[in-house]
Amino acid sequence: MTELFRKYRELIVYFIVGCMTTLVNWAVYAAGVEWLHQSVAVSNAVAWIAAVAFAYIANKIWVFQSFNWSLAYVLREAVLFVSARILTGLFEIVAVPLLVKLGMDQELFGVKGMWAKILVSVIVLILNYVFSKLIIFKRKK
C-alpha cells in the first residue's frame, strides 16, 4: 500500500484536495446564503474566491510541494493559478450548455444535462491538473 501511495501520491493528494476545495466552496456558499443572508449570486462568488484561494495554497503545499515563498514567486504562481481557474471556469460555463444544446441533455437524478455537467467537470479537473503540473507549479530542473 505504501509503495502504491508513493507512486501515485500526487494524484491521490490532488483528488483529496479537490474534495476539500469543494467542501470549502459549499460551506462558504451555505454560510453566505443561510447565516449572512446574502444573495445566491454574492454567496456563490465569495464561495468561488474562497475555494480558489484554498485550492492554491493546498495545491502549492500538499500536492506539488512548492515551498518557495518569495513574494515574486508566489505572485507569479497565484496569478497563473487564478488565470487557469478562470479559463477552465469559462470553459465550463460555455461547454455545459453547448453539450446540452447538441443533444447531451439526458437526465441523471432527475436533473437535465447532468451527464454533460459530469463530463465537463472531469475535463476541467484534468485541465486544472495539467495546468498546475506543467505550468503553475512546474519544477525547475
Could you grab the distance from atom [atom1] of [X] to atom [atom2] of [Y], nearest 0.5 Å is fine?
X     : Y      : atom1 : atom2 : answer
Asn25 : Ile49  : CG    : CD1   : 11.0 Å
Asn59 : Phe64  : CG    : CZ    : 5.5 Å
Glu3  : Tyr8   : CD    : OH    : 10.5 Å
Arg85 : Leu87  : CZ    : CG    : 11.5 Å
Thr88 : Phe131 : OG1   : CZ    : 7.0 Å

*Identified side chain to side chain contact (heavy atoms under 4.5 Å, CB included) counterpart of Val122 within the set Leu125, Ile126, Val124*: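 Testing each of Leu125, Ile126, Val124 against Val122, the sole residue satisfying side chain to side chain contact (heavy atoms under 4.5 Å, CB included) is Ile126.
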Min side-chain heavy-atom separation [X]-[Y] under 4.5 Å:
X      : Y      : value
Gln38  : Val46  : no
Leu11  : Tyr129 : yes
Gln106 : Met104 : yes
Phe5   : Val13  : yes

Nearest heavy-atom neighbours spanning [X] and [Y]:
X      : Y      : value
Val100 : Ala116 : CG2-CB, 4.0 Å
Val33  : Ser39  : CG2-O, 4.4 Å
Tyr14  : Asn128 : OH-CB, 3.3 Å
Ser43  : Gly32  : OG-C, 3.2 Å

*Could you please spell out the steps behind the side-chain contact (heavy atoms from CB on, under 4.5 Å) verdict for Val28 and Trp48?*
CA-CA 9 Å; Val28 171; Trp48 184 85; over 6 Å; no
*Worked check of side-chain contact (heavy atoms from CB on, under 4.5 Å) between Trp115 and Leu99*: CA-CA 9 Å; Trp115 286 109; Leu99 287 175; over 6 Å; no
Side-chain heavy atoms under 4.5 angstrom apart, residues restricted to Ile, Leu, Val, Met, Phe, Trp, Tyr: same cluster for [X] and [Y]?
X      : Y      : result
Val79  : Val82  : no
Leu75  : Val52  : no
Leu80  : Ile61  : yes
Leu90  : Phe81  : yes
Leu102 : Met114 : no

*Hey, mind stepping through Tyr73 and Phe67 against side-chain contact (heavy atoms from CB on, under 4.5 Å) and telling me if it holds?*
CA-CA 10 Å; Tyr73 201 84; Phe67 299 116; over 6 Å; no
*Step-by-step side-chain contact (heavy atoms from CB on, under 4.5 Å) determination, Val120 to Phe91*: CA-CA 8 Å; Val120 170; Phe91 169 74; 4.0 Å; yes
_Main-chain N/O of Leu4 paired with Arg9 side-chain donor or acceptor, under 3.5 Å_ =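 Looks like no, no N/O pair under 3.5 Å.
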*asked:* Once you measure the plane-to-plane angle for Phe137 and Tyr56, does it fall in the parallel (<30°), tilted (30-60°) or perpendicular (>60°) bin?
replied: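 It falls in the parallel class, under 30°.
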_Holding to side-chain hydrogen bond (donor to acceptor under 3.5 Å, both in side chains), I want the full list of residues that pass it with Ser66, two or more places apart in sequence or in another chain._
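Listed in chain order: Lys60, Glu77.
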*asked:* If you count every heavy atom of other residues, nucleotides or ligands that lies below 6.0 Å from Trp69 atom CH2, does the total exceed 12?
replied: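 Count over threshold, so yes.
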